[in-house]
Amino acid sequence: MRMLVVAIGLVLAAGALAPVAAQTTGLGSANPTGPVFVVRPNPTGPFQVVPPGTLFSRESIPFGDEPHSLNNPHPMLPNAGQGYAARFIWMRPQPVAMQVYVPTPEGVPARYQTMFAEVPGFFVAQTATGVWLPERWVLDQVNVGIYQWRVAPMQFVPNGSR
């Protein structure tokens, strides 16, 4: 019985200390965005980053201690290089005046009519190093008198402070 209690105690201690050890690895820099090739001379030893095509090299494995693009932190975390979200700014809806082509019968000159649309508002996250623009609706002018709605992708715009 005493042996069982000691074994359970060791398992609980290892379970409590494992997350602490996992939190201290790899917080210094972000991982690469492209594939990385590594060599481990010893299965439990350290890895070495090598150029592609090196003898006995292999692509790094995600979710371990090797550098891999899937191991990068979320963009809003401080070690991602983007900084903390300092504040959220509401970008108001923007009215847009459009000159839209109006079909006319044959022989009558072409006409354009002014129409109004409103581009919806959105929140912008401002950080210490730049601004995060979320996915948002934008109005594009495809041709003269022809407009089209599209979803603009999320993007980070650095403020030039680094």
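Numbering starts at 1 and runs along the sequence shown.
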Open item on the list: Membership question, hydrophobic clusters at under 4.5 Å side-chain separation (ILVMFWY): are Val151 and Val119 in the same one?
Closed with: yes
Open item on the list: Test of understanding: clusters of I, L, V, M, F, W, Y form through side-chain heavy atoms closer than 4.5 Å, transitively. Do Leu139 and Met115 belong to the same one?
Closed with: yes
Task: Nearest-0.5 Å distance, CG of residue Leu133 to CD of residue Glu135 - done: 12.0 Å
Open item on the list: Tell me whether Gln94 contacts the main-chain N or O of Arg92 through its side chain, where contact means a donor paired with an acceptor under 3.5 Å.
Closed with: yes
Open item on the list: Tell me whether Trp90 shares a hydrophobic cluster with Phe88, the cluster being built from Ile, Leu, Val, Met, Phe, Trp, Tyr side chains joined at under 4.5 Å.
Closed with: yes
Open item on the list: Taking Val157 as the starting point, is it possible to reach Phe122 by hopping between hydrophobic residues whose side chains are less than 4.5 Å apart?
Closed with: yes
Open item on the list: Once side-chain contact (heavy atoms from CB on, under 4.5 Å) is applied, do any residues pair with Pro120, and if so which ones, sequence neighbours excluded?
Closed with: Trp137, Trp149
Side-chain atoms of residues 96-104: list all donor-acceptor pairs with protein atoms under 3.5 Å, sequence neighbours left out, distances to 0.1 Å.
unit_1, atom_1, unit_2, atom_2, d
Gln99, NE2, Thr114, OG1, 2.7
Thr104, OG1, Val108, O, 3.4

Task: Beyond-backbone contact of Trp132 with Thr127, side-chain heavy atoms, under 4.5 angstrom - done: yes
- [ ] Can you measure from CD (Gln148) to CG (Asp140) and round to the nearest 0.5 angstrom?
- [x] 7.0 Å
- [ ] Could you go through the side chain to side chain contact (heavy atoms under 4.5 Å, CB included) check for Val131 and Asn159 one step at a time?
- [x] CA-CA 7 Å; Val131 175; Asn159 61 6; over 6 Å; no
